[in-house]
Each structure stands twice: as C-alpha cells, then as structure tokens.
Amino acid sequence: MRRRSKKIKTENNSNPETSEERNKFDEIPHDLVIEILERLPLKSVARFLTVSKLWATTIRSPDFRKSYRGGSSSEPRTLIVSDLNFKEPNPKLHFFRPSISSPSFLSSLTCPFTYPRHEEYYYHHVNGLISVGYGTDQIVINPTTGKFITLPRPKTRRKLVISFFGYDSVSDQYKVLCMTERLRGHPEASSQHQVYTLGAKQKSWKMINCSIPHRPCSWNAVCINGVVYYIAKTGEGMFRRCLMRFDLKSDNLDLCTILPEEIQTSLHDYFLINYKGKVAIPNQPNFYTYDVWVMNQEGGKIEWLKNITFTIKPRKGFVRYLFVTGTTHTGEFILAPTSYTDEFYVFHYNPDMNSFRKIRVQAPGVKFSFAQKASVVFSDHSLLRLDNLHIRGSTHTATGEFILAPRFYSDDLNVIHFNPDTNSFRSTKVEVYEDYE
C-alpha cells in the first residue's frame with residue numbers, strides 16, 4: 001500500500017532552558033503575560049512563541065491578534081495597498097504601514113491575473129488578510145508575508161462577479177461571498193450567490209439561497225462580529241438603497257434594513273466603515289465637509305443617527321480629494337486619497353479634540369515622478385495574521401530563523417522563514433516524496 005506524505009525537513013535544536021526555568025515563566029500571571037506581549041515588537045513576540053505552550057496559545061489566539069498593535073499603542077494600524085503598475089494589465093501591489101518601531105514596507109507581489117478596467121477590481125480587508133477579485137478570478141493575500149492563495153473559479157458562465165470578504169473570530173474562519181450580475185446597464189438583481197470557506201476540506205464554492213432581490217452598489221463591505229454588511233439596491237427597478245447582511249456562522253444572506261430617505265437622497269459614495277463596533281456610512285456633501293451616519297441596533301430596533309459632522313479647512317498646496325476610509329483604535333477618522341503623486345500619507349481627524357494631522361508613510365525604493373499610484377487604504381490591520389501559520393521550530397543556531405507552516409495549502413507547498421533580527425520573511429518550497437509500506 002502506497003501512502004503519499006508531505007514532510008518538512010528541519011533541524012531541531014535542543015532548548016538550553018531547563019524545565020525549572022520554564023516553570024518560572026508559567027508562574028507569571030496570565031494577564032501580566034498578555035500585557036507584556038502587547039508592548040513588545042513583532043520580532044520579540046515571534047521569539048516568545050517558543051517559551052511555553054501557554055504563551056504560544058495566547059499569541060495565536062484571535063483576541064490577542066486583534067489587540068496587538070505592534071509594540072506601541074500609539075502606532076496606527078493603517079495599511080496602504082498601492083498598485084505600482086497602474087494602467088498596466090498586471091497589478092504590482094506594494095504594502096506599507098505607518099510605523100515608528102519597524103520598517104514601513106511589508107511586502108510586494110504581482111497579481112497572477114490581468115484586468116482591463118480598474119473600476120471592476122475589488123479589494124476587501126479583514127483581520128489581516130485581503131481578498132482581491134476581478135471577474136471570476138479571486139485571490140486572498142497576506143500582506144505581512146506577500147503570499148497569496150488562488151481560489152477556484154465560482155460556478156458561473158457570467159463574467160461579472162461581485163465578491164465580499166468576512167471573518168468569524170469564534171470559529172477563526174474566513175469566508176468569501178460572491179454573486180454574479182449581468183453586464184452594466186441591466187438593472188437586474190444579482191444571482192448565483194456562493195460562499196467559499198478558506199481552509200475547508202471541500203475546496204469549492206457552495207451555493208446559498210437569498211430571498212431578497214438586490215444588486216450590490218457599495219465599493220466595500222464591513223465585517224463586524226462575524227457579519228458582513230454591504231450597501232445594495234433593491235425594490236422595483238432597483239432604486240431603493242438598503243443594507244444587506246451575511247452571517248458567516250449560518251451562511252444566511254438577508255436584508256438588514258432599508259436606508260432612510262435622508263441618507264438615500266444625500267449619499268454620494270457607497271462606502272462603509274466600522275465606527276466603535278457599529279456600521280457607519282461616511283458621506284461628503286461638499287469638498288471639505290464630512291457627515292458620518294451610524295447605525296444603532298440597541299433594543300432590537302434599528303435607527304440611523306448622524307453622529308458626527310466635521311469640516312477640514314483647506315491648506316496651502318492641498319488639492320487632493322480625501323475620503324474617509326476607516327477609523328483607528330483610538331476613535332480617529334482616517335482620510336486618504338485614491339491615488340498618490342509624490343508621497344504616501346494619511347490624515348487622522350480626532351473628533352474629540354477637533355484636530356487634524358498628517359501621517360507620512362516611508363516608501364523606500366518607490367519612485368513617484370508625479371505619476372499617479374493607485375492605492376487603497378485599510379484600517380485596523382493585524383500584523384499577527386500569518387495565514388494561520390504555526391511555528392514548527394527553528395532552523396539552525398547560525399541564523400535563528402523560525403519556520404512557520406499553514407494549517408492548509410492551496411497549490412504549492414511552502415513554509416515561511418521569519419528572521420527576528422531583520423524582521424523579514426522568506427518562502428521555501430517543501431520537498432514532497434513517497435513513502436512505501
């Protein structure tokens with residue numbers, strides 16, 4: 001009987017720590033351990049994965065990954081995704097984040113598919129991973145490592161596919177929701193609603209039912225507590241704007257609420273953000289004024305409140321059109337343009353202090369030359385999301401790198417080497433051979 005197995009060749013080194021020393025680590029109160037780890041830079045956190053099973057479990061837990069802020073509570077968790085091959089068929093994506101304690105550049109990759117029009121290209125970010133889709137082509141990217149997996153094509157003959165991305169922290173599970181549409185100009189409802197679960201044994205799309213005829217019209221979606229929300233058009237002629245919701249636990253897709261007339265008549269951009277754990281819609285009635293509508297679901301009744309209105313004073317030499325792209329963990333609004341010409345940056349507006357500040361992002365090696373760099377800005381990016389990578393040991397004492405491997409593979413078998421001294425990652429292909437019995 002022949003059995004095919006996949007093995008990773010590594011050299012295990014004996015740990016010099018004695019069992020007594022390990023027990024001293026385990027005697028530290030768990031709450032204190034978490035507080036210590038949250039204050040450390042990423043390379044130190046990676047080292048502490050080998051201290052004990054308890055510490056490793058704590059670091060890998062969804063709650064810690066969500067609360068970890070790269071060693072500094074003041075550092076923003078903003079992620080800038082820039083296409084440096086703008087107007088070229090294959091996007092060359094670079095990932096940057098504002099940082100004081102570590103390099104701003106995270107990784108880069110060239111998308112494996114081409115696309116003729118940028119407006120049909122969708123980016124969705126949730127819990128450290130990014131879903132990118134154009135038509136029937138879908139990939140999921142880890143911007144921390146620059147690696148991606150290619151999803152199977154949805155079950156459809158249509159070319160226009162809209163997708164959304166969600167994460168459920170309870171099951172630690174990612175899902176991609178997609179639906180197909182007829183070509184532009186046909187105001188018909190979407191159909192062929194399908195769900196793909198990352199890491200599932202069955203690597204295929206699952207058809208789901210949706211009893212609400214609707215057509216998505218928002219540029220993005222927001223995922224809160226395992227539910228994906230997006231704006232759509234519904235009703236006769238697809239003229240009524242509504243908020244749809246997809247529950248990752250039950251795979252249920254239904255109507256959340258019809259948007260009030262005041263929002264429908266004033267809405268210019270179909271964009272959603274997470275504001276203090278609630279769905280919010282930023283709107284821009286004019287060039288420098290911003291309204292933020294927040295959905296309140298307390299008591300089982302849904303109501304929309306215009307919580308915040310703020311105005312940015314024009315500055316000398318400031319001509320870029322800014323959009324609200326999200327919020328920070330401290331409650332500041334993140335504003336950014338859709339493209340850059342001379343440098344990468346974001347603006348933070350603090351509604352409590354009524355203050356406005358610019359944060360520049362270092363981009364080593366990027367030559368602007370006043371050519372536009374099409375970009376997308378995401379908030380609340382998690383640095384510890386390593387595609388469900390688990391530490392497998394260390395290489396040899398000369399380098400001290402950590403070997404990480406995922407719980408599942410899609411195509412090629414690779415492991416990731418993390419160097420804590422340089423805070424860098426590299427990929428190594430895994431050797432696959434046959435065992436005979």
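Below, all heavy atoms of this structure are taken into account, side chains as well, without hydrogens, waters or symmetry copies.
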What verdict does the ring-ring contact (aromatic ring centres under 6.0 Å, His included) test give for Phe246 and Tyr229, after you've listed the backbone C-alpha separation in whole Å, the side-chain angles of each residue and the deciding distance to 0.1 Å? CA-CA 7 Å; Phe246 171 66; Tyr229 299 89; over 10 Å; no
So, do Glu181 and Glu188 sit near enough that their side-chain heavy atoms are less than 4.5 Å apart?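 A side-chain contact is absent here, since even the closest heavy-atom pair is not under 4.5 Å.
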Given ring-ring contact (aromatic ring centres under 6.0 Å, His included), test Phe323 with Phe271 step by step and report yes or no. CA-CA 10 Å; Phe323 298 88; Phe271 196 83; 8.3 Å; no
Donor-acceptor pair, [X] side chain versus [Y] backbone, under 3.5 Å?
{"X": "Thr234", "Y": "Met238", "answer": "no"}
{"X": "Ser108", "Y": "His94", "answer": "no"}
{"X": "Ser131", "Y": "Phe165", "answer": "no"}
{"X": "Thr156", "Y": "Gln192", "answer": "no"}

Kindly check if the number of other-residue, nucleotide or ligand heavy atoms within 6.0 Å of CG (Asn286) is above 12? yes
For atom CE of Met353, is the number of surrounding heavy atoms from other residues, nucleotides or ligands below 6.0 Å larger than 12?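 Not more than 12 within 6.0 Å, no.
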Quick test of your reading: applying salt bridge (Lys or Arg N to Asp or Glu O under 4.0 Å), list the pairs with at least one residue in residues 258-268, sequence neighbours left out, ordered by first then second residue.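 Of all non-adjacent pairs touching residues 258-268, those that pass salt bridge (Lys or Arg N to Asp or Glu O under 4.0 Å) are Arg240-Glu261.
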Residues which pass side-chain contact (heavy atoms from CB on, under 4.5 Å) with Ser379, listed by chain and number, not counting sequence neighbours: Ile334
List in chain and number order the residues that pass side-chain contact (heavy atoms from CB on, under 4.5 Å) with Glu298, two or more places apart in sequence or in another chain; answer none if no residue qualifies.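 Partners of Glu298 under the side-chain contact (heavy atoms from CB on, under 4.5 Å) test: Lys278, Asn296.
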Do the rings of Trp205 and Tyr196 sit parallel, tilted or perpendicular, given the 30° and 60° boundaries?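 The rings of Trp205 and Tyr196 sit tilted, inter-plane angle from 30° to 60°.
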Is the Tyr230 ring parallel, tilted or perpendicular to the Phe164 ring (thresholds 30°, 60°)? parallel
Set of ring pair (Phe, Tyr, Trp, His ring centres under 6.0 Å) partners for Phe378, sequence neighbours left out: His125
With sequence neighbours excluded, tell me which residues meet side-chain hydrogen bond (donor to acceptor under 3.5 Å, both in side chains) with Thr325. none
State which residues pass salt bridge (charged side-chain N to carboxylate O under 4.0 Å, His left out) with Asp251; sequence neighbours excluded, sorted by chain then number.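 So Asp251 forms a salt bridge (charged side-chain N to carboxylate O under 4.0 Å, His left out) with Lys175, Lys206.
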Among Phe347, Tyr290, Phe310, Phe356, which residue meets the ring pair (Phe, Tyr, Trp, His ring centres under 6.0 Å) test with Phe333?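 Between Phe333 and the candidates, ring pair (Phe, Tyr, Trp, His ring centres under 6.0 Å) is satisfied uniquely by Phe310.
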